[in-house]
Amino acid sequence: MTAPFGTLFADSVATAVFDGESYTYSGAVEPLADLSLHPGTHALHYGSACFEGAKAHRQPDGSVAIFRLGDHMARLQQSAARLHLPVPDVELSSQMVIDAVRANADATPSAPGSLYIRPTLIGTDPNIGAAAAPSKTALLYILNSPVGDYFAGGVRPLTLMVETSVPRTTPRFGMVKTGANYAMALGVTLAAKADHVADQVLFAADGEISETGAANFFMVDDNKVITRALDESFLHGVTRASILTIAGDLGYEVEERALSVDELVAWAPEGEVFLSGTAAVVAPVGTIIVNGDRITIGDGQPGANSLRLRDALTSIQVGTAPDNHGWRTVV
Ligand code: PLP
């Protein structure tokens, strides 16, 4: 795949409308087309929009399997509830995803490519006086995008700028997959790219490590895997949860706890660091920038444990390893 991640779209979408009472889904996909929205649409003014990011992978027998569909749809419910949008049943949203992926199956690239799945939920009330009122109507649609690597250049060691003063996002909304979270990280990330040639920003307000703009953070060595314990301040990654399970299966000790920048700096000479996410998969980190100092992680190259975890995860996703945890939904 040569097109940048997220810029190609598959031909079919599944759409459901919430009219104030219930969701209506025709049960049939439609051709991808522009939306027609009133200029006063609630989502455009008051941010009542959330989304998911999942993937479907080509399997060895040619079929396509969605990875951890139920978990992604449960997180969509969590985001919808926090935004006071009508919460779609997991059964409905899952069926819509299955229908969209089935219709777009031919557009699914083989590994390392995949079909990215973007369920999107927006509040559609035409009401510009509703800052303190939720949208009673909503639109849910499932958009698909054939993708390759998220980070240009494939699996290569990333450079992270560690930001210790600006918070990752607003309190309580870190676990909501909504545009405001990304908007808040954007300026800091652009500055880090321009000033430090960094790939991503690792947010660590007051020296406590959170996550980057679009992925969770891990440290690993030959014995253990460490990541921040869940709280409301950051996104509860499905990939994060998968890695913790896989790491346990492979015999690593798993630690979910607070992690400081000081600990990361002390870890750097011997340990490994990586990011995890649906888009990022397992992305090894080679350099961190702390207070302007560039610090190399290990020898600066992707570490053996990071690559081992990446391989274990992707093998389950693409069907070359057994699905022991029931994570694949074949369409
Ligand atoms: N953190 C943020 C802010 C994200 O946008 C994402 C990507 O979806 C993640 C973490 C990783 O989550 P997941 O593994 O569910 O894709």
Side-chain angles (χ1 to χ4, degrees), residues 5-6 47 49-57 66-79 82-83 90 93-94 97 114-121 143 145 147 149-151 158 160 163 166-189 192 199-205 208-218 225 227-247 256 259 273-285 306 309-310 312-314 316-317 325 327 329:
F5 190 102
C50 58
F51 58 93
E52 261 309 310
K55 272 180 178 171
H57 303 268
I66 302 161
F67 188 65
R68 300 197 71 166
L69 173 59
D71 298 288
H72 283 284
M73 295 306 98
R75 194 171 63 186
L76 180 66
Q77 288 190 314
Q78 179 181 281
S79 296
R82 280 279 160 115
L83 293 168
V90 166
S93 57
S94 298
V97 170
S114 59
L115 190 68
Y116 185 75
I117 304 166
R118 174 55 65 88
T120 309
L121 176 61
L143 188 61
S145 171
V147 295
D149 286 314
Y150 183 62
F151 293 111
L158 299 178
L160 301 186
E163 169 60 59
V166 181
R168 162 71 186 85
T169 185
T170 50
R172 292 187 67 244
F173 270 79
M175 60 192 284
V176 184
K177 216 163 155 56
T178 189
N181 283 347
Y182 301 90
M184 204 160 150
L186 181 60
V188 184
T189 307
D199 295 293
Q200 287 286 315
V201 172
L202 177 62
F203 289 90
E208 290 296 315
I209 292 173
S210 173
E211 61 171 353
T212 66
N216 294 126
F217 176 84
F218 276 86
V225 168
T227 196
R228 181 180 172 125
L230 294 179
D231 59 36
E232 294 194 336
S233 72
F234 72 103
L235 199 79
H236 300 181
V238 174
T239 318
R240 172 191 177 282
S242 307
I243 286 165
L244 292 177
T245 301
I246 290 168
E256 291 180 82
L259 261 172
V273 172
F274 66 86
L275 303 180
S276 79
T278 297
V281 192
V282 167
V285 175
S306 307
L309 289 167
R310 180 184 167 100
L313 172 70
T314 56
I316 299 172
Q317 291 174 331
H325 301 286
W327 288 342
T329 301

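Just the heavy atoms: all of them, side chains too, but no hydrogens, waters or symmetry mates, feed the values below. Order of listing sets the numbers, starting from 1, for every ligand and every atom in it.
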N/O donor-acceptor pair under 3.5 Å between His236 side chain and Asp231 backbone: yes
Geometric N/O contact His72 with ligand 1, under 3.5 angstrom: no
Does a salt bridge link Arg118 with Glu52, judged by any charged N lying under 4.0 Å from a carboxylate O? no
Is the shortest N/O to N/O distance between Thr212 and ligand 1 below 3.5 Å? no
Quick check: does Thr239 get an N/O under 3.5 Å from an N/O on ligand 1? yes
Under 4.0 Å to a heavy atom of Leu235 - the qualifying atoms of ligand 1, by number: 1 (N), 2 (C), 4 (C), 6 (C), 8 (O), 9 (C), 10 (C), 12 (O)
Would you mind checking which non-hydrogen protein atom is closest to atom 12 (O) of ligand 1, with the distance to 0.1 Å? Gly237 CA, 3.3 Å
For Gly277, the atoms of ligand 1 under 4.0 Å from one of its heavy atoms are 11 (C), 14 (O), 16 (O)
So, 4.0 Å and heavy atoms of Tyr182: is ligand 1 close enough to count as a contact? yes
Contact check, side chains of Gln78 and Met175, non-hydrogen atoms, under 4.5 Å: yes
State, yes or no, whether a side-chain contact exists between Lys55 and Val147 at a heavy-atom distance under 4.5 Å. yes
Atom 16 (O) of ligand 1: the protein heavy-atom neighbour that sits closest, reported with distance to 0.1 Å: Thr278 OG1, 2.6 Å
Are Trp327 and Ile66 close enough that some pair of their side-chain heavy atoms sits under 4.5 Å apart? no
If only atom types and distance count, is the side chain of Asp199 paired as donor or acceptor with the main-chain N or O of Leu160 below 3.5 Å? no
Looking only at N/O atoms, are Val238 and ligand 1 under 3.5 Å apart anywhere? yes
Show me which atoms of ligand 1 lie under 4.0 Å from any heavy atom of Glu211. 1 (N), 2 (C), 3 (C), 10 (C)
Provide the number and element of each atom of ligand 1 under 4.0 Å from a heavy atom of Gly213. 3 (C)
Closest candidate by heavy atom, reference atom 6 (C) of ligand 1, pool Ala280, Ala214, Gly174: Ala214
Nearest to atom 3 (C) of ligand 1 by heavy atom, Arg240, Lys177, Arg168: which? Arg168
For Arg75 and ligand 1, does the shortest N/O to N/O distance drop below 3.5 Å? yes
Part of Ala279 with heavy atoms under 4.0 Å of ligand 1, whether side chain, backbone, both or neither: neither
How close do Ser233 and Arg228 get, heavy atom to heavy atom, and via which atoms? OG-NH2, 3.3 Å
Sub-4.0 Å atoms of ligand 1 with respect to non-hydrogen atoms of Asn216: 10 (C), 11 (C)
Report yes if the side chains of Thr239 and Arg68 come closer than 4.5 Å at any heavy-atom pair, otherwise no. no
I'd like to know if Glu208 and Arg168 make a salt bridge, using a cut-off of under 4.0 Å between side-chain N and carboxylate O. no
Once rounded to the nearest 0.5 Å, what's the spacing between atom CD of Gln77 and atom NE2 of His72? 14.0 Å
